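Note sheet for the following structure.
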Amino acid sequence: MGSSGINAEYMGSIHTVVHRMGVHDIIPPSLLAKEVKQPFLLVKLRVKQKDVDFSLEKIVLRAGTEADFKAYAAEWEKEGIECALMGDGHLVHTPQEKKILILSRQGDSHKVTFKVLMDGFPDYHLQWRDG
């Protein structure tokens with residue numbers, strides 16, 4: 001154990017799982033690569049930790065529709081990652097103006113999508129519309 005009282009081997013295993021979950025790609029660059037209306041998915045990922053009673057959880061955005069979610073889900077499940085579709089919609093990215101328009105149904109998922117994008121693009125103007 002290190003000076004913090006946390007087992008280094010355990011922390012290494014968490015780092016491996018988090019890396020597999022793609023902490024660096026909560027919002028993959030391809031999602032905003034085009035200046036067209038693109039479908040997106042809001043997904044909650046969860047990895048049960050070995051020998052403890054808690055899970056690592058992360059919310060990610062992915063390009064695609066509900067049909068694409070099935071392919072994502074199959075890949076994540078192979079890795080032992082549980083996933084749940086929280087919402088979907090469309091994004092319109094205007095990089096010259098640093099604007100992202102979020103088109104989704106009203107509800108909790110649009111608030112979460114807004115927060116994820118705000119965290120990833122703090123210098124952008126975000127707008128949400130029912131759509």
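These numbers come from a predicted model, not from an experiment.
- Atom CZ of F40 and atom CD1 of I100 lie 10.5 Å apart (nearest 0.5 Å).
- Atom CG of residue L103 and atom OG1 of residue T113 lie 11.0 Å apart, to the nearest 0.5 angstrom.
- Inter-residue side-chain proximity for L41 and L85 is flagged as met; some heavy-atom pair is nearer than 4.5 Å.
- No single ILVMFWY cluster, assembled from side-chain heavy atoms under 4.5 Å apart, contains both L61 and V92.
- L101 and L91 sit in two unconnected hydrophobic clusters of ILVMFWY residues. Membership requires side-chain heavy atoms under 4.5 Å apart, directly or through other members.
- Summarising the geometry of E66 relative to D88, their closest heavy-atom pair is OE2-OD2, 3.6 Å, with the distance given to 0.1 Å.
- The aromatic rings of H93 and F121 are tilted relative to each other, their planes meeting at an angle between 30° and 60°.
- S104 approaches H110 most closely through the heavy-atom pair OG-CB, 3.1 Å.
- Counting heavy atoms from C-beta on, the side chains of E57 and K44 come closer than 4.5 Å.
- In K48, the NZ atom is crowded: over 12 heavy atoms of neighbouring residues, nucleotides or ligands sit closer than 6.0 Å.
- For the pair D68 (side chain) and T65 (backbone), a donor-acceptor distance under 3.5 Å is present.
- The distance from the CG atom of L45 to the CG atom of L56 is 11.0 Å, given to the nearest 0.5 Å.
- Closest non-hydrogen pair, P95 versus Y124, comes out as CA-OH, 3.9 Å.
- In plain terms, the two heavy atoms of I27 and G120 that are nearest each other are CD1-CA, 4.1 Å.
- Pairing each heavy atom of R62 with each of L31, the nearest pair is C-CD1, 3.9 Å.
- The number of heavy atoms from other shown groups lying within 6.0 Å of CD (Q106) does not exceed 12.
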* To do: Before giving the answer on side chain to side chain contact (heavy atoms under 4.5 Å, CB included), spell out for V43 and M86 the whole-Å C-alpha distance, their side-chain angles and the decisive distance to 0.1 Å.
  => CA-CA 5 Å; V43 182; M86 295 177 63; over 6 Å; no
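- L42 CG to K111 NZ: the interatomic distance, rounded to the nearest 0.5 Å, is 13.5 Å.
- To the nearest 0.5 Å, the span separating NZ on K58 from CZ on R46 amounts to 14.5 Å.
- Here the CZ-CD1 distance, from R129 to I102, works out to 11.5 Å after rounding to the nearest 0.5 Å.
- Here the closest heavy-atom approach between residue Y72 and residue A63 is recorded as OH-O, 2.8 Å.
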